[in-house]
Amino acid sequence: MEDCIMRMWRLKYDEGLLGGVSLEDDSPDRAMVLWIEFLSRCPTPCFGVFMSTVRCRIAPSPSGFLHIGTAKMALFNWLYARKMGGTFVLRLEDTDAERTDETFVKAMCEGFTWLGIDWDEGPAFGDDGPRGDFGPYRQSERKVFHQEAGQKLLAENKAYRCFCTREELEVEREAAQREKRHRNKCACRNLDAAAAEQRKDEHHTVRFKVPEGHTEVADMVQGTVRTENRELDDFVILKPNGDPIFHLAVVVDDALMKITHVIRGDDHLTNAARHVLLFDALGYERPQFAHLPMVLDETGKKFSKRLHGANVLDWRDDGYLPEALINYVALLGWTPAEENRELFTIEELQEAFDPTRWSKSAARFDRKKFDWLNGQHIRSLAPSVLQERIVAILADAGFDTAQKDDAWFATLTEVCQEKLATLNQIVGLSDFFFNEIAEYEAKPVKKHWRADGAVELMTQLIGRMEGVKDWNRDPLKDAYKALGEEIGVGLGKLVHPTRLALTGKSVGPGLFELAELLGKETCLARMRQGLAYIETSLCDEGANAS
RNA sequence: GGCCCCAUCGUCUAGGCUGGUCUAGGACACCGCCCUUUCACGGCGGCGACACGGGUUCAAAUCCCGUUGGGGCUACCA
């Protein structure tokens, strides 16, 4: 098999049809994946086989919001489809009516929209109608297909009606476990077809008749996984009310939607054997499978739904960029071929994404590293774009952004772009532009305003400020430098007390930049306010001491 | 319990298939220094790992077996 693949590969390679890929460098595994990729994107009949183009899908069940784990799977499917020039399909697995709610559907799609993960085919959402020729794209509207498939299996004796009660099954399940043996197939399996047909109005499920032998699933990530069929029970495919069970529904939907690559979480790895059996039994072509490890939280546990950050929109609310989240999540399970490279735009990701470099082991979500990556993305943002986002955040924070003009915000952006790890940090970096100083941080007060001569120094600084005619960062800095030289102290000695008076804090944007933005009048007023604070607190101390 | 998957610095990982070039490389974090008005950015340096035990071999992070740990499946959930 491998030889055959390599030969065909070589043939195409020699014909120059595999531009840019060197055969010699590649392992058989990689060659096989690349070959499959090649076949998939091949627009013309190839060796007598007409290969369709890549079709990937994400099939979430809308039970609340877009979970970070679902987002990873969506991302990998989407990136792969985009890389291969294929189609990305969104299908809603909303068969569990109790857990499905339209507000959930909306919330989830909002997550995708924020991330910028768009689908070529999918259900109606908002003002957009459904897209694609393989609908409907909501599983709840596809029951006829599932039932039809179930009936076909029944008719071909590949499935049977099971009249066992839950209680009976439970007893057998427990007995099997106690006696350390496999579960016995129930008697219904061998019921005469005609007899069973007569009882079809009785309460029953339809079970798939798992054949003898073993099942192999060729997985793009996990390699070939072999399962002994005796490990698989005759699983239910249709509930008593005729509704399909998940296993039947996914297989039928994936097949009918012509999905070529099923890329999903490795929690489905064991299920894949069942699915393959179903694909075969229904006469469908098997898709390629790829089972990716799931996303773990910072403690190494499965990312709980209740944890902050499980909802991708939490990250939006916390000031992270969607492109940064996509970059980070892509890195959680994929390594670029280009070594020592981690920063990717979405376009670069679509180009570089390579399924042979998908990782097999689960990765923790590391907030610190994500912070760093987000900071990198913020730095590479066009200033005008960053400005727009910053203004929105400040407005949301309740600041009166209308009082400043565009040029002012442009300067603020320029001054802060290098400092932000998250967008939201802009609030702490610029609140003093919009609000009066309510209180001064205790530590810097002690350090800079309690020193001997603080009052004199502040008085002198106020004098220098008053003397600055052209109120800009450079003249102001020059004035400060001049004073420093005259009285023989470093710039820092002048800057810190000033920063405290102007912002109430010890950290923030560059002092002279910030003073420029604040304006001369406000600066002077705050310096005088600071001076008064020093004087009164000295008085208080004096009073307390006596 | 049975079956399946996974296992390199604290974290994400390169290397593993094709054993020697790995006294194990990078990134984040941490620590130190430099730059600097603070913080951040940036630069330089440091700390830090092949889970354990057996094999195979002249040689194992790499191949094999076992153990341990983590995860999954084992539903008339998806």
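Below, read A as the first sequence line, B as the second, and so on, with proteins coming before strands; counting in each chain starts at 1.
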Discussion item. Of the options C3(B), A78(B), C12(B), whose atoms approach the side-chain atoms of Gln139(A) most closely?
Written reply: A78(B)
Item to complete: Find the distance His268(A):NE2 to G72(B):C1' and express it as a whole number of Å.
Response: 11 Å
Worksheet item: Which whole-number value in Å describes the distance from Asn340(A) CG to C12(B) C1'?
Response: 13 Å
Item to complete: Using a heavy-atom cut-off of under 4.0 Å over every strand shown, decide if Glu513(A) touches base, sugar-phosphate, or nothing.
Response: base
Item to complete: Please determine, for the side chain of Glu342(A), which listed nucleotide (G26(B), A29(B), U74(B)) has the closest atom?
Response: G26(B)
Discussion item. Base, sugar-phosphate or nothing for Pro444(A)? Non-hydrogen atoms, less than 4.0 Å.
Written reply: nothing
Discussion item. Can you identify which nucleotide, out of A78(B), G71(B), C6(B), has its nearest atom closest to the Lys301(A) side chain?
Written reply: G71(B)
Worksheet item: Are Asp243(A) and His146(A) close enough that a side-chain donor and a side-chain acceptor fall under 3.5 Å?
Response: no
Item to complete: Give His203(A) one of three labels, base, sugar-phosphate or nothing, depending on what nucleic acid heavy atoms sit under 4.0 Å from its own.
Response: base
Discussion item. On the side chain of Arg499(A), is there an atom forming a donor-acceptor pair with the base of U37(B) - under 3.5 Å, no angle test?
Written reply: yes
Worksheet item: Between A78(B), G71(B), C76(B), which nucleotide gets closest to the side-chain atoms of Ser61(A)?
Response: A78(B)
Item to complete: For Gly492(A) and for Val225(A), find the nucleotide of RNA chain B with the closest heavy atom, then tell me which residue's nucleotide is more 5'.
Response: Val225(A)
Item to complete: If A75(B) has a Watson-Crick or G-U wobble mate with both distances under 3.5 Å, name it; if not, just say none.
Response: none
Worksheet item: Is there a side-chain polar atom (N or O) of Arg341(A) under 4.0 Å from OP1 or OP2 of A27(B)?
Response: no
Worksheet item: When the P atoms of A7(B) and C44(B) are considered, how many whole Å apart are they?
Response: 33 Å
Item to complete: Name the closest nucleotide to the Glu418(A) side chain, picking from A75(B), G1(B), C41(B).
Response: C41(B)
Discussion item. Just to be sure I understand the rule, does Thr215(A) reach a base, reach only the sugar-phosphate, or reach nothing, if contact means heavy atoms closer than 4.0 Å?
Written reply: nothing
Discussion item. Below the 4.0 Å mark, does A40(B) have OP1 or OP2 next to a side-chain nitrogen or oxygen of Arg379(A)?
Written reply: no
Practice prompt. Give a yes/no answer on whether the side chain of Arg357(A) brings an N or O atom under 4.0 Å of OP1 or OP2 in G15(B).
Written response: yes
Fill in: Salt-bridge contact Arg91(A)-Glu141(A) (side-chain N to carboxylate O under 4.0 Å)
no
Discussion item. If I take atom CZ in residue Phe344(A) and atom P in nucleotide A27(B), what distance separates them, rounded to the nearest angstrom?
Written reply: 15 Å
Worksheet item: With a 4.0 Å cut-off on heavy atoms, is Lys302(A) in touch with a base, just the backbone sugar-phosphate, or nothing at all?
Response: sugar-phosphate
Discussion item. Using a 4.0 Å heavy-atom cut-off, does Gly333(A) contact any base of the nucleic acid, only the sugar-phosphate backbone, or nothing at all?
Written reply: sugar-phosphate
Worksheet item: Quick one: do the Thr224(A) and Glu216(A) side chains pair a donor with an acceptor below 3.5 Å?
Response: no
Worksheet item: Under 4.0 Å between a side-chain N/O of Lys360(A) and OP1 or OP2 of C6(B), yes or no?
Response: yes
Worksheet item: Across the strands shown, which category fits Ser506(A) at heavy-atom distances under 4.0 angstrom: base, sugar-phosphate, nothing?
Response: base
Fill in: Asp371(A) versus Tyr320(A), side-chain donor and acceptor atoms under 3.5 Å
yes
Worksheet item: Is the shortest side-chain N to carboxylate O distance from Glu93(A) to Arg264(A) below 4.0 Å?
Response: no
Discussion item. Side-chain N or O of Gln376(A) versus OP1/OP2 of A40(B): is the shortest distance under 4.0 Å?
Written reply: no
Worksheet item: Are any of Arg183(A)'s side-chain N or O atoms less than 4.0 Å away from OP1 or OP2 of A75(B)?
Response: yes
Discussion item. Within 45 degrees of the ring normal and closer than 6.0 Å to the centroid, is that where the cationic atom of Arg199(A) sits relative to Phe163(A)?
Written reply: yes
Worksheet item: NA contact type, Leu511(A), heavy-atom cut-off 4.0 Å: base, sugar-phosphate, or nothing?
Response: base
Discussion item. Rounded to whole Å, how long is the line connecting atom NE2 of His247(A) with atom C1' of C76(B)?
Written reply: 12 Å
Worksheet entry | Touch class at under 4.0 angstrom, heavy-atom based, for Arg173(A) against every strand present | sugar-phosphate
Pick out the pairs of N or O atoms, protein on one side and nucleotides 45-49 of chain B on the other, that lie under 3.5 Å.
none

Fill in: Side chain of Arg274(A) - closest among G72(B), C76(B), C73(B)
C73(B)
Discussion item. Tell me whether His448(A) contacts the main-chain N or O of Ser506(A) through its side chain, where contact means a donor paired with an acceptor under 3.5 Å.
Written reply: no
Practice prompt. Consider the side chain of Asp366(A), meaning its heavy atoms from C-beta on, and name the nucleotide among A78(B), G10(B), U38(B) that approaches it most closely.
Written response: G10(B)
Fill in: Nearest to side-chain heavy atoms of Asp233(A), which nucleotide of A75(B), U37(B), A78(B)
A75(B)
Worksheet item: Is it the case that Asp254(A) and His275(A) place a side-chain donor and acceptor less than 3.5 Å from each other?
Response: no
Discussion item. Closest approach to the side chain of Gln177(A), judged atom by atom: which nucleotide of G1(B), U37(B), C6(B) is it?
Written reply: G1(B)
Item to complete: Describe the nucleic acid contact of Arg264(A) in one word from base, sugar-phosphate, nothing, applying a heavy-atom distance below 4.0 Å.
Response: nothing
Discussion item. I'd like to know if Lys369(A) reaches the base of A29(B) with its side chain such that a donor and an acceptor end up less than 3.5 angstrom apart.
Written reply: no
Item to complete: Give none if G20(B) has no partner; otherwise give the nucleotide forming a Watson-Crick or G-U wobble pair with it, both distances under 3.5 Å.
Response: C58(B)
Discussion item. Any base atoms under 4.0 Å from Leu494(A), or only sugar-phosphate, or nothing? Heavy atoms, all strands.
Written reply: nothing
Worksheet entry | Distance test, side-chain N/O of Thr270(A) to OP1/OP2 of U74(B), below 4.0 Å | no
Fill in: Lys239(A) side chain near C77(B) phosphate (N/O to OP1/OP2, under 4.0 Å)
yes
Item to complete: Verify whether one side chain among Asn229(A) and Thr215(A) offers a donor that lies under 3.5 Å from an acceptor in the other.
Response: yes
Discussion item. Of the listed nucleotides (A78(B), U13(B), G2(B)), which one gets closest to any side-chain atom of Glu93(A)?
Written reply: A78(B)
Practice prompt. Using a strict cut-off of less than 4.0 Å between a Lys/Arg side-chain nitrogen and an Asp/Glu carboxylate oxygen, indicate whether Asp431(A) and Lys505(A) qualify as a salt bridge.
Written response: yes
Worksheet entry | CZ-CG distance between Phe235(A) and Asn271(A), expressed to the nearest 0.5 angstrom | 9.0 Å
Discussion item. Just the rounded figure in Å: distance from P of A14(B) to CD of Glu339(A).
Written reply: 9 Å
Worksheet item: Is there a Watson-Crick or G-U wobble partner for C47(B) with both distances under 3.5 Å, and if so, which one is it?
Response: none
Item to complete: State whether Thr335(A) places a side-chain N or O below 4.0 Å from either non-bridging phosphate oxygen (OP1 or OP2) of A14(B).
Response: yes
Item to complete: Using whole Å, report how far CE of Met294(A) lies from P of C5(B).
Response: 15 Å
Worksheet item: How far, in whole Å, is G19(B) from A61(B) if one measures between their P atoms?
Response: 14 Å
Discussion item. Need one value for Asn271(A): base, sugar-phosphate or nothing, where a base atom within 4.0 Å counts as base even if backbone is also close, heavy atoms only.
Written reply: base
Discussion item. Tell me the interatomic distance from Arg364(A), atom CZ, to C28(B), atom P, rounded to whole angstroms.
Written reply: 19 Å
Discussion item. Over all strands shown, is Ser359(A) touching base, sugar-phosphate only, or nothing at heavy-atom distances under 4.0 angstrom?
Written reply: sugar-phosphate
Worksheet item: Applying a 3.5 Å limit to both distances, which nucleotide forms a Watson-Crick or G-U wobble pair with U68(B)?
Response: A7(B)
Discussion item. So that I can tick it off, tell me whether Lys185(A) and Glu212(A) are bridged by a salt bridge, with the cut-off set at under 4.0 angstrom between side-chain N and carboxylate O.
Written reply: no
Discussion item. Output the rounded distance in Å from CD (Glu174(A)) to P (U74(B)).
Written reply: 17 Å
